[in-house]
There are 2 protein chains.
Amino acid sequence: MSLQWWQGPCQPLDHVARGKAETRQQQLTKPAGSLGRLESLAIHLAALQGRERPSLDKLSIAIFAGDHGVVAEGISAYPQAVTGQMLANFVTGGAAISVLARQLDAALEVIDLGTAEPLPPLPGVRHLQVGAGTQNFARDPAMTLAQAMICLEAGRDCIQRARASGCDLFVGGEMGIGNTTAAAALACWLLSCPASELAGPGTGLDGAGVAHKARVIDAALALHRAQIDGPLQALIHLGGFEIAALTGAYLAAAQQGVAVLVDGFICSVAALLAVRLNPGCRDWLLFAHHGAEPGHVRVLQALEAEPLLELGLRLGEGSGAALAVPLLRLACALHGQMATFAEAAVAERPS
Amino acid sequence: MSLQWWQGPCQPLDHVARGKAETRQQQLTKPAGSLGRLESLAIHLAALQGRERPSLDKLSIAIFAGDHGVVAEGISAYPQAVTGQMLANFVTGGAAISVLARQLDAALEVIDLGTAEPLPPLPGVRHLQVGAGTQNFARDPAMTLAQAMICLEAGRDCIQRARASGCDLFVGGEMGIGNTTAAAALACWLLSCPASELAGPGTGLDGAGVAHKARVIDAALALHRAQIDGPLQALIHLGGFEIAALTGAYLAAAQQGVAVLVDGFICSVAALLAVRLNPGCRDWLLFAHHGAEPGHVRVLQALEAEPLLELGLRLGEGSGAALAVPLLRLACALHGQMATFAEAAVAERPS
């Protein structure tokens with residue numbers, strides 16, 4: 001296969017801006033290191049944004065939604081119709097991410113990549129309808145190569161729109177009944193581990209439900225393994241439309257120089273897939289939280305990610321990332337607005 | 001001794017409001033429990049505020065500052081003059097908490113309880129000058145009973161002002177070179193453990209400095225132990241003016257029905273002291289973060305506290321609590337503004 005768009009180079013970090021930010025941190029009126037993780041975050045954002053004092057005023061959130069054929073195997077606690085119902089809830093303002101977007105003054109895009117039952121047009125939703133949900137990967141590949149390419153490009157297009165609007169930080173979210181099963185299957189392939197280590201309750205399976213989900217995933221891995229020669233084929237055989245779009249968005253963000261805040265388990269699997277497709281994108285990915293889904297910690301470890309929050313979240317929709325945005329903004333405000341020892345005439349040196 | 005003001009009853013929680021908030025949480029358009037800690041926080045705030053949908057619009061921050069005679073023992077990395085210099089930095093807007101107060105639209109009070117060198121009046125600072133710092137508790141009791149009472153009342157007065165202004169949430173902060181030594185000594189007495197388990201680097205001691213600090217604390221505990229018959233005497237012998245004021249503020253907040261968000265190690269020691277003086281205040285105390293000071297985790301355990309953040313913070317000034325405020329506000333916004341399953345016509349029951 002010829003070179004794909006996502007294999008192109010990612011934006012380099014600005015080491016001059018990073019150096020200036022490091023120097024500034026040392027001059028602020030506080031004991032060195034006393035703001036902990038917020039100091040290194042501000043310095044990293046300076047390197048990403050190419051300015052001594054970064055800012056995250058302009059936040060773009062995009063929710064990618066799609067249905068999953070594997071729901072036919074009885075792996076979700078909720079009916080598949082909820083995917084479409086929640087798309088309406090996102091744009092009418094009643095969903096968690098809708099509330100968070102308002103509170104954070106963020107732009108919110110909602111992208112329908114394909115529900116099992118096609119929806120009537122919803123004002124405010126971009127309906128791409130790549131397919132009537134994915135195929136049941138317990139029997140067939142989840143999607144075609146063409147569908148995967150459309151979804152990856154949908155993520156890229158979203159980043160282009162965000163960047164055109166002056167976006168300082170991108171948050172991707174997902175909605176899709178059954179998508180923890182697809183994400184766990186992908187993670188099993190990417191991390192070479194059995195489903196028992198990564199399958200979790202998702203929206204609310206009991207112990208027997210989780211065991212069944214793990215059996216479905218292990219059987220699918222056995223079915224498809226011979227056809228999977230790399231991360232793109234893993235995505236095609238085991239993934240979901242929204243996972244593919246998130247992967248494309250993360251890759252495009254790194255190529256276009258937009259910092260990303262990654263949400264929970266499903267987004268982290270998309271991030272791991274993105275890093276496998278183009279390792280240069282890793283620097284552009286910040287991680288928001290340790291979620292409650294048991295596979296999340298393993299995926300974060302593989303990414304060498306140290307998320308900011310651990311609150312037992314397992315909602316998705318980008319909600320965990322949105323909740324971490326104020327911390328990043330406050331890290332930037334402290335970095336940019338605190339007085340230096342010289343400005344405040346405070347004794348700098350230990351006695 | 002006759003009954004003291006802080007021994008009076010704390011405001012009871014509103015169980016009707018709590019019940020309504022619990023019911024509301026179950027009806028919101030998300031899998032039950034998927035917002036993790038934020039759900040129980042919103043419900044607890046409903047019980048504290050006596051309304052189904054709590055809010056934290058009006059935030060009051062007060063910084064209590066005082067010097068410590070024990071600095072003569074060489075237990076701090078910074079010169080004592082920094083306490084006064086930072087008081088000026090707080091009100092001119094260059095300190096971390098000044099930046100955070102602006103970003104959070106909070107009222108910021110700065111209260112000088114007594115610096116070693118009395119300061120010229122600083123516009124915006126309340127100068128109480130209870131003493132020229134505490135006495136060196138390596139030799140003498142840190143303060144008199146009368147000084148302790150004035151400081152406890154200074155905290156109470158601060159809460160009365162906050163409440164009069166309609167405060168929804170109170171954050172106390174502290175500044176005082178040497179105050180991790182006083183806080184560690186108090187914690188050693190309250191938890192009956194040696195200083196080696198609770199003394200830490202504070203603003204930046206090295207290993208030898210921490211060992212010296214622990215020896216100073218152990219010697220002081222040996223010196224004063226026979227005179228300490230309870231938490232008030234522990235405060236008098238080992239505490240600090242700002243620690244006493246924080247303790248008074250926490251006690252008064254619980255009595256007057258103002259929710260409190262507790263900052264780091266020193267504030268948590270004041271909170272533990274408050275709980276020992278009046279156990280009923282515990283319900284009103286929320287805890288913001290696990291700080292980097294090693295004694296903090298032990299104090300939090302004794303309080304059965306589960307802080308929201310763990311970011312390696314060790315600045316004080318109330319900064320760690322301020323950083324957690326957006327999470328509490330977002331928890332309230334989600335609780336109050338998300339649609340219910342019925343409102344959004346989303347399928348509620350698992351399939």
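Note that the structure is predicted; figures quoted are calculated from it, not measured. Below, read A as the first sequence line, B as the second, and so on, with proteins coming before strands; counting in each chain starts at 1.
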Among [options], who wins on heavy-atom pairs under 4.5 Å with chain A?
{"options": "B/Ala333, B/Gly94, B/Ser98", "result": "B/Gly94"}
{"options": "B/Ala292, B/Gly33, B/Gly93", "result": "B/Gly33"}
{"options": "B/Ser34, B/Gly36, B/Gly312, B/Ala339", "result": "B/Ser34"}

Original post:
To the nearest 0.5 Å, how far apart are NZ in B/Lys30 and CG in A/Asn89?
Top reply: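 Interatomic distance, B/Lys30 NZ to A/Asn89 CG, rounded to 0.5 Å: 12.0 Å.
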
**OP:** Working to the nearest 0.5 Å, report the span between CG of B/Leu334 and CG of A/Leu100.
**Re:**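 Reported value, rounded in 0.5 Å steps: 4.5 Å.
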
Partner chain B: residue of [options] with the largest heavy-atom pair count (under 4.5 Å):
{"options": "A/Glu343, A/Glu306, A/Glu310, A/Gln103", "value": "A/Gln103"}
{"options": "A/Gly74, A/Ala88, A/Ala96, A/Ala344", "value": "A/Ala96"}
{"options": "A/Glu317, A/Arg37, A/Arg314", "value": "A/Arg314"}

Original post:
Do side-chain atoms of A/Gln85 reach the backbone of B/Ala347 as a donor and acceptor pair under 3.5 angstrom?
Top reply: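 Such a contact is found between A/Gln85 side chain and B/Ala347 backbone.
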
Name the region of [X], side chain, backbone, both or neither, that has any atom closer than 4.5 Å to a heavy atom of chain B.
{"X": "A/Leu309", "answer": "side chain"}
{"X": "A/Ala331", "answer": "neither"}
{"X": "A/Thr92", "answer": "neither"}
{"X": "A/Leu41", "answer": "neither"}
{"X": "A/Leu327", "answer": "side chain"}

Subject >> Residue part contacting chain A, namely of B/Leu35, when any heavy atom lies under 4.5 Å >> reply: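 Both parts, heavy atoms under 4.5 Å.
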
Original post:
So which part of B/Arg102 gets closer than 4.5 Å to some heavy atom of chain A, the side chain, the backbone, both or neither?
Top reply: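 Interface part for B/Arg102: side chain.
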
**OP:** Looking only at non-hydrogen atoms, find the nearest pair between B/Thr29 and A/Ala95 and report the distance.
**Re:**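 Heavy atoms of B/Thr29 and A/Ala95 come nearest at OG1-CA, 4.3 Å.
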
Original post:
So does B/Gln301 have more than 12 non-hydrogen atoms from other groups sitting under 6.0 Å from CD?
Top reply: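 Yes - once you tally the heavy atoms of other residues, nucleotides and ligands closer than 6.0 Å, there are more than 12.
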
